[in-house]
Amino acid sequence: DNILEVRNLKKYFKSKNGTLHAVDDVSFSIKRGETLGLVGESGCGKSTIGRLILGLHQATSGEILFNGQDICKMKKAQIHDLRKDLQIIFQDPFASLNPRMSIGEIIGEPLLIHKKVKRRAEINSEIRRLMDVVGLSTRFINSYPHELDGGRRQRVGIARALSLNPQFIVCDEPVSSLDVSIQAQVLNLLKDLQAEYGLTYLFITHDLSVVKHFSEKIAVMYLGQLVEIAESDELFKKT
Ligand code: ADP
Ligand code: ADP
């Protein structure tokens, strides 16, 4: 049961210096409830794949089937609806969280945009529930992103991503900007949430030690191409 199937995906960026093959004929699939680690050096095309899956880039060619529906063919309104099932967590939550919005507003915004909660009064209790789910004290509800440390900020990003109850989350370097001691806490949280909600993850990272214990399967990229895809155990036996 594949929740995601990427087929012959290409994304070329044109500039005055020529054409960059950022994603060059990549194919892979992810089973429901699984984590696929997507690894490779900086600049090899990992984030571009993440953004293509979110519908934030237009693919040059290829297919991205999510529950059998091709994201590459979707119109804006369908991409918008897709957010209920497919979310993203970014590397540096400080850069991705709106600095002018309170923590409560950031977590509650998708609920408002997607009208998941009908009454304003319900929103507050839902925001508090989500903060609880990610282990963030509700005393931060009126704080702003810059007032939180990196680990708590990432919990805000996770709570926001969870707010619409998605099936699939692209985790794009979710712990790379955090202290090593905090990394383990956030990874454990992601693991617990996966078990509890049956989430599927595409886990993007340049750090092999991070995915090693997190992903049962790992895809390795090099210069826009997928050069290997293997069970984590297999891959680490060889190296
Ligand atoms: P990674 O996530 O593996 O670090 P990226 O997917 O961010 O790699 O980038 C892959 C390549 O595509 C890089 O050479 C990067 O400079 C280029 N690239 C990414 N986004 C754009 C863009 N919007 N316009 C032009 N080039 C881009
Ligand atoms: P949409 O409005 O349809 O959710 P966007 O293009 O605005 O799409 O956002 C793309 C993704 O980035 C969404 O999945 C959203 O959760 C995430 N995102 C956007 N803004 C923020 C933010 N301020 N904090 C955290 N995540 C955000």
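All values reported here derive from a predicted model rather than from experimental measurement. Remember, it's 1-based here, ligands and their atoms both numbered in the order they're listed.
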**Message:** Test your reading of the model: is there a side-chain donor-acceptor pair from R153 to the backbone of L148, 3.5 Å cut-off?
**Reply:** yes
**Asked** Apart from L65 itself, what residues make up its hydrophobic cluster, given side-chain heavy atom links below 4.5 Å?
**Response** none
**Request:** Sequence neighbours left out, what passes salt bridge (charged side-chain N to carboxylate O under 4.0 Å, His left out) with R129? Give chain and number order.
**Result:** E126
**Asked** Just how far is it from atom CD of Q194 to atom CD of E34, taken to the nearest 0.5 Å?
**Response** 9.0 Å
**Request:** For Y12, enumerate each residue passing the ring-ring contact (aromatic ring centres under 6.0 Å, His included) test, keeping only those at least two apart in sequence or located in another chain.
**Result:** H21
**Request:** Tell me yes or no: between the side chains of D172 and S47, is some donor less than 3.5 Å from an acceptor?
**Result:** yes
Would you tabulate the polar-atom pairs, meaning N/O of ligand 1 against N/O of the protein, with distances under 3.5 Å, reported to 0.1 Å?
unit_1	atom_1	unit_2	atom_2	d
ligand 1	2 (O)	S47	N	2.8
ligand 1	2 (O)	S47	OG	3.0
ligand 1	3 (O)	G43	N	3.4
ligand 1	3 (O)	C44	N	3.1
ligand 1	3 (O)	G45	N	3.1
ligand 1	3 (O)	K46	N	3.0
ligand 1	3 (O)	K46	NZ	2.8
ligand 1	4 (O)	G43	N	2.6
ligand 1	6 (O)	S47	N	3.4
ligand 1	6 (O)	T48	N	2.9
ligand 1	6 (O)	T48	OG1	2.6
ligand 1	8 (O)	G45	N	3.2

